[in-house]
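Scroll down for the structure; my scribbles are underneath it.
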Amino acid sequence: MAYTVPKLTDYSAAALEKAASACADACASEMGTIRTDADLKTFRDRWLARKNGILTQINDLWLKSAPKAERPVVGQKVNWLKKHVEGLVEVAGNRLLLQRAPATQYRTVVSLDFGGPVDITLPGARRPIGAEHPVIRTMHEIVSVFQKLGYSVAEGPVVETDYYNFEALNFPPDHPARDTQDTLFIAGQESKPQRERLLLRTHTSPVQIRTMEKMRPPIRIVIPGTVHRNDPPDASHSPMFHQIEGLAVDTNITFGDLKGTLDHAMKALFGSNVKTHFRPSFFPFTEPSAELYVTCFICGGSGKRGADACRPCKQTGWIEVLGCGMVDPNVFEFVKDNGYDPKKVSGFAFGMGVDRLALLKYGVDDLQYFFQGDVRFLEQFG
Ligand code: PHE
């Protein structure tokens with residue numbers, strides 16, 4: 001028997017619930033019989049028509065004729081029923097559309113939730129999950145090795161003055177060592193005194209001075225950051241790259257401390273098998289200075305990979321990792337007033353390029369991949 005809207009006399013919660021669910025059940029079972037567009041129209045009109053549709057009748061018979069006190073409860077039930085019936089009518093329409101679409105075609109249906117066309121056969125919208133950039137990840141690893149040794153992290157500006165990038169690091173004006181840095185200068189600074197002229201820092205070493213100006217000894221800091229040099233980009237060069245600087249100043253810091261600290265750090269980073277090796281070098285701000293080499297962690301120090309030559313270490317079995325040395329007393333002179341009397345304190349410093357280490361670590365053969373922002377490259381590190 002077709003459903004007809006009963007009059008309500010009992011407004012208790014139980015009676016309302018019973019009446020509403022009887023109505024909802026009736027709607028659902030009528031929906032099950034729809035086969036054609038004409039059926040759908042009849043169904044929709046019967047339930048939703050403004051004039052004398054079932055929902056309208058319910059509004060009149062249940063809500064409007066209810067005693068005032070009961071109206072809020074009745075209203076809630078009627079609203080629920082309205083939403084429910086409207087939902088069923090929409091589902092009925094969707095079902096017809098779906099049945100009609102050929103199985104080989106994309107089926108477009110009207111979604112209940114999104115209000116627009118949704119192609120249910122396409123993959124869902126995936127939320128891409130980012131990954132830590134390999135250079136940043138390598139940076140974090142290096143920093144955390146030193147944090148465990150009690151080092152803190154310091155940072156400084158990328159646009160730097162000549163004073164911090166060169167002068168206070170014992171590069172005298174016109175000293176040839178400045179040429180090794182391929183500096184990018186900010187234009188239009190000629191009217192300023194040289195030490196105030198701005199440039200893109202060529203290394204993270206200026207933050208040594210900046211930190212010593214702010215903090216009295218003893219200090220132990222690592223300084224991660226970007227640096228710039230006028231190098232055209234290629235597989236192993238980039239005008240922007242990353243360094244991590246280290247600085248330890250205290251009384252009685254010796255070259256032995258430098259060697260022990262860096263040997264430990266290299267083993268923590270590349271595995272306890274690696275050997276370290278120091279070769280004399282020159283930096284204006286350290287004396288003596290050295291370059292640190294580790295046994296090649298690709299070929300294990302043999303210089304060979306099977307029958308082939310090991311490319312990353314150029315068959316030498318050693319990879320240069322960083323520059324280092326004992327802080328030059330001339331550098332302490334610039335921060336003497338903050339407790340860095342070169343006669344009382346000593347220290348060591350080191351600076352390493354992060355990008356090349358990340359290249360070797362992840363077996364990437366072109367530095368440019370790191371900076372092109374190509375998601376297909378980056379998502380491999382997720
Ligand atoms: N700043 C040097 C460079 O960029 C590296 C370095 C840092 C050397 C600290 C010694 C001490 O080449």
Side-chain angles (χ1 to χ4, degrees), residues 135 139 142-143 146 151 153-158 160-172 175-184 199-212 219-231 236-250 253-255 257-263 265-266 276-294 319-332 334-335 340 342 345-357 367:
V135 172
M139 239 171 174
I142 298 169
V143 167
F146 286 96
Y151 283 64
V153 176
E155 286 183 305
V158 175
E160 192 46 285
T161 59
D162 185 284
Y163 176 78
Y164 287 109
N165 198 76
F166 291 124
E167 187 179 334
L169 288 169
N170 199 33
F171 288 80
H175 192 280
R178 290 179 173 224
D179 294 348
T180 65
Q181 303 266 326
D182 299 311
T183 312
L184 292 161
L199 45 82
L200 297 181
R201 70 175 176 194
T202 57
H203 49 181
T204 39
S205 305
V207 191
Q208 289 188 28
I209 305 291
R210 287 184 172 276
T211 310
M212 289 192 283
I219 55 171
R220 282 177 189 75
I221 49 163
V222 277
I223 306 151
T226 53
V227 302
H228 293 76
R229 292 189 194 181
N230 184 19
D231 275 329
S236 55
H237 294 86
S238 163
M240 187 283 296
F241 57 101
H242 299 79
Q243 285 192 341
I244 293 184
E245 188 88 7
L247 175 68
V249 183
D250 204 337
I253 297 244
T254 67
F255 202 87
D257 297 318
L258 166 62
K259 287 184 80 171
T261 304
L262 290 179
D263 184 71
M266 294 307 122
T276 54
H277 168 77
F278 291 79
R279 287 186 203 165
S281 184
F282 173 79
F283 300 101
F285 40 94
T286 47
E287 181 61 31
S289 304
E291 270 149 15
L292 170 65
Y293 287 74
V294 296
I319 286 182
E320 187 199 330
V321 182
L322 53 80
C324 58
M326 302 305 291
V327 178
D328 193 303
N330 289 345
V331 171
F332 285 139
F334 286 92
V335 285
Y340 293 88
V345 296
S346 57
F348 64 75
F350 57 87
M352 61 181 110
V354 181
D355 313 74
R356 202 169 55 97
L357 294 180
L367 185 60

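Please read all numbers here as calculations on a predicted model, not as lab measurements. Note that ligands are numbered from 1 as they come in the structure, with each ligand's atoms numbered from 1 the same way.
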Is the shortest side-chain heavy-atom distance between D182 and T202 below 4.5 Å? no
Find out whether C324 and F278 are in side-chain contact, i.e. whether some heavy atom of one side chain is under 4.5 Å from a heavy atom of the other. yes
What residues form a side-chain hydrogen bond (donor to acceptor under 3.5 Å, both in side chains) with S289, not counting sequence neighbours? T286
Need the list: ligand 1 N/O atoms against protein N/O atoms, distance under 3.5 Å, rounded to one decimal.
unit_1	atom_1	unit_2	atom_2	d
ligand 1	1 (N)	H203	ND1	3.0
ligand 1	1 (N)	S205	OG	2.9
ligand 1	4 (O)	R229	NH2	3.0
ligand 1	4 (O)	Q243	NE2	3.0

Looking only at heavy atoms, which two atoms of L169 and P206 are closest? And how far apart? CD1-N, 3.8 Å
Listed by chain and number, what are the side-chain hydrogen bond (donor to acceptor under 3.5 Å, both in side chains) partners of H237, not counting sequence neighbours? D234
Go through the structure and list residues passing side-chain hydrogen bond (donor to acceptor under 3.5 Å, both in side chains) with Y163, not counting sequence neighbours. none
